[in-house]
A.B. asks: 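A single structure is presented below for examination.
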There are 2 protein chains.
Amino acid sequence: MANIRDIAKYADVSVTTVSRVLNEHPYVSKEKRERVRQAMAELGYLRNQQALTLSTGRTQRFVVVLPYLDHPYYGLFVNGLAKAALQRDYRLVMWQTEYQLDQERQALDLLKHREVDGAILLSHTMSFDEMEMYRQFGPIAVATVGAPETISSVHVDHYAAFVAGLNVLAQAGYIEIGIVLSRQDSPSSIARQQAYFDEVELARERWVWTGYLTSEDGIRLADEFLRQQERPRALFFSSDYVALGFLGELRRRCVRIPDEVAILGFDGHPIGQAFGLSTMYSPNEDIGRTLFDVTFEEMNGATSITNSLTVTYLPGTTL
Amino acid sequence: MANIRDIAKYADVSVTTVSRVLNEHPYVSKEKRERVRQAMAELGYLRNQQALTLSTGRTQRFVVVLPYLDHPYYGLFVNGLAKAALQRDYRLVMWQTEYQLDQERQALDLLKHREVDGAILLSHTMSFDEMEMYRQFGPIAVATVGAPETISSVHVDHYAAFVAGLNVLAQAGYIEIGIVLSRQDSPSSIARQQAYFDEVELARERWVWTGYLTSEDGIRLADEFLRQQERPRALFFSSDYVALGFLGELRRRCVRIPDEVAILGFDGHPIGQAFGLSTMYSPNEDIGRTLFDVTFEEMNGATSITNSLTVTYLPGTTL
DNA sequence: GTACAGTCTGAAACGCGTTTCAGAGCAAGT
DNA sequence: ACTTGCTCTGAAACGCGTTTCAGACTGTAC
């Protein structure tokens with residue numbers, strides 16, 4: 001495989017000149033430029049990206065950290081990231097953590113070893129204190145709330161978002177409301193519970209279901225829900241997928257919705273709309289796009305930012 | 001940031017010795033090894049992965065090409081890939097093509113420019129002839145059928161798989177059968193139609209629905225299906241997600257399943273099972289894992305392989 | 001006592017594109 | 001006539017870890 005020096009020799013110019021042609025530097029005469037072009041064509045020159053990377057110190061890669069690559073919740077974020085990355089000619093190295101702290105550390109170690117230019121965390125169990133130690137090795141952006149000043153954050157304020165959702169339910173006349181959350185101890189779940197107990201007069205511990213992540217969990221919940229004696233009249237889910245599983249199972253059992261139980265989802269994924277799910281729309285694709293842009297800008301010297309977004313009600317037929 | 005030469009100077013040894021310590025080469029005396037370790041600790045040495053990459057010619061990365069990062073169909077493949085990659089300390093660069101040929105080319109250009117060691121295509125519109133031109137730059141593996149000898153393939157034989165599915169329906173007593181496919185012109189869709197017309201006596205052009213990719217499409221289909229005068233008694237889907245959309249919408253409209261229409265999916269995604277979908281199970285996670293391993297082995301000199309897998313019937317309640 | 005094998009060490013070359021710096025040549029400005 | 005400022009060119013250094021090769025040394029074998 002021909003390298004830049006072979007080209008230089010073949011075209012009888014210096015390697016500097018070849019490099020200048022590659023980078024479209026203006027200070028090359030037409031003749032030499034042409035000779036170099038010719039040489040590259042004849043020898044089938046292909047620029048070695050690794051050498052470029054070592055030389056410039058830029059990898060053109062970000063690592064994207066998320067618990068599960070195939071969880072639909074992250075789909076729209078990733079989509080936004082991918083679109084932004086394509087525009088900037090950047091690559092995304094995906095890193096699945098399965099909520100394991102050591103996997104998050106491994107992902108951020110890529111930053112340390114200059115294998116990527118920056119890191120984007122869609123979810124994390126690592127403390128911000130620990131995360132900040134990695135900050136010196138490159139920009140870090142998160143999709144979660146509570147990041148310190150050095151770490152960029154683009155997220156929805158889950159407290160405010162839940163307040164908004166609960167207000168939608170209240171305005172629709174629902175008083176007995178339950179909520180369905182994912183991991184019990186995650187910061188967003190804590191914020192959501194806070195909102196629930198702050199806003200809902202008839203809030204009950206027993207009406208807070210935690211540990212529901214997937215559609216399958218939603219189906220399981222349907223069973224548990226129907227078994228219960230005293231049931232809320234409306235359920236506010238923190239995920240459309242769980243809500244959909246619940247909805248599908250109830251419909252299968254011919255439970256009337258929203259007459260017997262109203263459902264409000266959270267996310268606004270197209271699939272939810274397709275099933276008529278009423279939901280709180282969260283601009284996840286935008287968040288993904290912005291996360292990329294922020295990280296990119298920060299790499300070029302911009303300062304980190306915090307951007308808190310709000311959600312809007314997306315009516316369906318389940319409320 | 002200290003590099004290997006700084007360490008050498010600090011520990012008063014040669015860079016070769018430092019490199020040997022890094023690579024755990026045995027021919028280093030205990031004293032020098034200790035001195036080097038000490039120096040690395042004191043100067044906070046971090047190995048530069050880019051330099052290593054340039055030097056060894058190995059990137060420890062594969063590019064994974066697929067139409068949509070967030071399409072659930074690819075989720076299990078990607079999961080298998082990710083698990084295998086983690087084991088080998090490899091990274092996955094995800095490349096979303098949206099079925100654009102030029103995006104596939106860009107992805108394979110990474111191979112040309114030595115930005116990745118190999119390429120794994122879960123889907124492709126590129127011809128195998130063109131793909132073979134990239135083969136010289138690194139191993140390529142596909143999850144589709146019909147690959148030439150130089151390109152590894154791990155796939156399900158969609159013709160055989162569809163024959164198997166149609167037999168399941170026949171054995172359950174269904175005679176009037178329709179099929180629902182994704183892209184009309186894709187090789188797998190062609191094979192499936194072939195199987196349909198070969199196997200089903202009452203096969204009708206009008207009972208072949210093409211262009212259905214997502215759950216939303218399945219919902220749309222429900223409407224179209226119910227409008228139709230002469231309907232088949234059973235539908236065989238090429239995707240669980242489309243089947244689920246269809247199923248959910250019919251249940252919402254209180255159409256009895258399987259009494260009025262039987263549904264057989266294809267995939268075996270956990271979410272399908274959750275909704276009681278009868279389906280043909282395809283070992284996609286295994287395929288992902290094997291695709292990685294094959295590519296990896298091939299990089300180390302193994303020859304390419306073709307591995308055709310079969311599907312099995314996974315009973316549910318929709319048949 | 002002589003070979004041979006194994007252990008340990010480091011200089012130099014290698015992978016390859018970019019950047020800095022010095023210098024030559026030439027035209028415009030005063 | 002002299003300065004200033006482009007335009008063009010290339011040698012050398014740089015980023016940094018690995019590998020090859022040659023050589024020194026020690027120990028065992030015959």
Side-chain angles (χ1 to χ4, degrees), chain A residues 1-37 39-40 43-61 89 109-117 137-138, chain B residues 1-37 39-40 43-61 89 109-117 137-138:
Chain A
M1 307 228 188
N3 64 32
I4 205 178
R5 274 158 244 265
D6 298 329
I7 303 298
K9 209 169 288 173
Y10 193 87
D12 195 28
V13 296
S14 70
V15 292
T16 315
T17 299
V18 178
S19 175
R20 276 195 266 257
V21 172
L22 277 173
N23 294 288
E24 286 169 9
H25 189 286
Y27 288 175
V28 182
S29 62
K30 289 118 271 147
E31 311 93 81
K32 296 213 172 179
R33 186 183 305 276
E34 200 34 59
R35 285 224 304 276
V36 170
R37 289 256 164 77
M40 294 205 275
L43 299 184
Y45 174 74
L46 292 170
R47 194 197 222 149
N48 184 325
Q49 183 67 29
Q50 300 171 205
L52 197 151
T53 282
L54 174 61
S55 186
T56 60
R58 283 280 172 95
T59 62
Q60 310 227 97
R61 286 188 293 275
D89 197 24
D109 279 342
L110 298 189
L111 213 52
K112 265 193 179 175
H113 296 291
R114 311 228 217 1
E115 225 179 306
V116 296
D117 294 335
F137 302 109
Chain B
M1 306 228 188
N3 64 30
I4 205 178
R5 274 159 244 265
D6 298 329
I7 303 297
K9 208 169 288 174
Y10 193 87
D12 194 27
V13 296
S14 69
V15 293
T16 317
T17 299
V18 178
S19 175
R20 276 195 267 258
V21 172
L22 277 173
N23 294 288
E24 286 170 10
H25 189 287
Y27 287 177
V28 182
S29 63
K30 288 118 274 146
E31 311 91 80
K32 296 213 171 179
R33 187 181 303 278
E34 200 35 57
R35 285 226 301 278
V36 170
R37 289 255 163 77
M40 294 206 274
L43 300 184
Y45 174 73
L46 292 170
R47 195 195 220 150
N48 184 325
Q49 183 68 28
Q50 299 170 208
L52 196 151
T53 283
L54 175 61
S55 185
T56 59
R58 284 279 172 95
T59 63
Q60 310 228 97
R61 284 188 293 275
D89 198 22
D109 279 343
L110 298 189
L111 214 52
K112 265 193 178 173
H113 293 113
R114 309 227 215 6
E115 222 178 309
V116 297
D117 293 337
F137 302 109

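Lettering follows sequence order; numbering is per chain, from 1. As the structure is a computational prediction, the values presented were derived from the model and not from experiment.
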A.B. asks: What is the distance from CD of B:Q50 to P of C:dT18, rounded to the nearest Å?
C.D. replies: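 In whole Å, C:dT18 P and B:Q50 CD are 14 Å from each other.
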
A.B. asks: Could you pick out which residue, B:A51 or B:D12, lies toward the 5' side of DNA chain C when each is mapped onto its nearest nucleotide?
C.D. replies: B:D12

A.B. asks: OP1, OP2 of C:dT18 versus side-chain N and O of A:S19: anything below 4.0 Å?
C.D. replies: yes

A.B. asks: So, is B:S55 close to the D:dG17 phosphate, meaning a side-chain N or O under 4.0 Å from OP1 or OP2?
C.D. replies: no

A.B. asks: Within the pair A:Y27 and C:dA24, is there a side-chain N or O less than 4.0 Å away from OP1 or OP2?
C.D. replies: no

A.B. asks: Rounded to whole Å, please give me the gap between CG in A:L52 and P in C:dG15.
C.D. replies: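 About 18 Å, once rounded to whole Å.
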
A.B. asks: In whole angstrom, what separates A:D6's CG from C:dG15's C1'?
C.D. replies: 12 Å

A.B. asks: Looking at B:H113, is its backbone amide N or carbonyl O close enough to the side chain of A:Q49 to form a donor-acceptor pair, meaning the two atoms are under 3.5 Å apart?
C.D. replies: no

A.B. asks: To the nearest Å, give me how far apart CZ (A:R5) and C1' (C:dG17) are.
C.D. replies: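 These atoms are roughly 7 Å apart.
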
A.B. asks: Say you draw a straight line from CD of A:Q50 to OG1 of A:T59; how long is it, rounded to the nearest 0.5 Å?
C.D. replies: 12.5 Å

A.B. asks: Which part of the nucleic acid, if any, lies within contact of A:V18, taking any heavy atom under 4.0 Å across all strands shown: a base, the sugar-phosphate backbone alone, or nothing?
C.D. replies: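 No contact at all - A:V18 keeps every heavy atom at 4.0 Å or more from the nucleic acid.
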
A.B. asks: Could you measure the distance from the CG atom of B:L52 to the CD atom of A:E115? Nearest 0.5 Å is fine.
C.D. replies: 9.0 Å

A.B. asks: Does a side-chain N or O of A:Y45 approach OP1 or OP2 of C:dC16 to a distance below 4.0 Å, or not?
C.D. replies: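 The answer is no; no side-chain N or O of A:Y45 sits under 4.0 Å from OP1 or OP2.
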
A.B. asks: Mark yes or no for a side-chain to base donor-acceptor pair under 3.5 Å between A:R20 and D:dG10, with no hydrogen or angle criteria applied.
C.D. replies: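 Donor-acceptor pair under 3.5 Å: yes.
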
A.B. asks: Measure from CG on A:L22 to C1' on C:dC16 and round the result to the nearest Å.
C.D. replies: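 Whole-Å distance recorded here is 11 Å.
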
A.B. asks: Taking the side chain as C-beta and beyond, is there a heavy-atom pair between A:E34 and A:R37 under 4.5 Å?
C.D. replies: yes

A.B. asks: Looking at A:R114, I'd like to know whether one of its side-chain N or O atoms comes within less than 4.0 Å of OP1 or OP2 on D:dC16.
C.D. replies: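 Checking D:dC16 against A:R114, a side-chain N or O does come within under 4.0 Å of OP1 or OP2.
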
A.B. asks: Quick check on C:dT19: is either OP1 or OP2 less than 4.0 Å from any side-chain nitrogen or oxygen of A:T16?
C.D. replies: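 For C:dT19, OP1/OP2 do not have a side-chain N/O of A:T16 under 4.0 Å.
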
A.B. asks: Looking across every strand, which nucleic acid part, if any, lies under 4.0 Å from A:L54 by heavy atom: base, sugar-phosphate, or nothing?
C.D. replies: base

A.B. asks: Consider only side-chain N and O atoms of B:T17 and B:S14, and report whether a donor and an acceptor are under 3.5 Å apart.
C.D. replies: yes

A.B. asks: How long is the line joining CG of B:N3 and P of D:dC14, in whole Å?
C.D. replies: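 From B:N3 CG to D:dC14 P: 11 Å.
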
A.B. asks: Identify the heavy atoms of B:H25 and B:R33 that sit nearest to each other, and give their distance.
C.D. replies: O-NH2, 3.2 Å

A.B. asks: For the side chain of B:R47 and the base of D:dG17, is some donor closer than 3.5 Å to an acceptor across the two?
C.D. replies: no

A.B. asks: So, is A:S29 near the phosphate of D:dT9, with a side-chain N or O under 4.0 Å from OP1 or OP2?
C.D. replies: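 For A:S29, the contact criterion (side-chain N or O under 4.0 Å from OP1 or OP2 of D:dT9) is met.
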
A.B. asks: Nearest heavy atom decides the nucleotide; on that basis, is B:V15 or A:E31 closer to the 5' end of DNA chain D?
C.D. replies: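 With B:V15 and A:E31 compared, the 5'-side residue is A:E31.
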
A.B. asks: Should A:N23 be listed as having a side-chain N or O under 4.0 Å from OP1 or OP2 of C:dT18?
C.D. replies: yes

A.B. asks: Nearest whole angstrom, please: distance from the P of C:dT7 to the CZ of B:R33.
C.D. replies: 13 Å

A.B. asks: Would you tell me if any nitrogen or oxygen in the side chain of A:T17 comes within less than 4.0 Å of OP1 or OP2 on D:dG10?
C.D. replies: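 Yes.
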
A.B. asks: Rounded to whole Å, how long is the line connecting atom CD1 of A:I4 with atom P of D:dA13?
C.D. replies: 18 Å

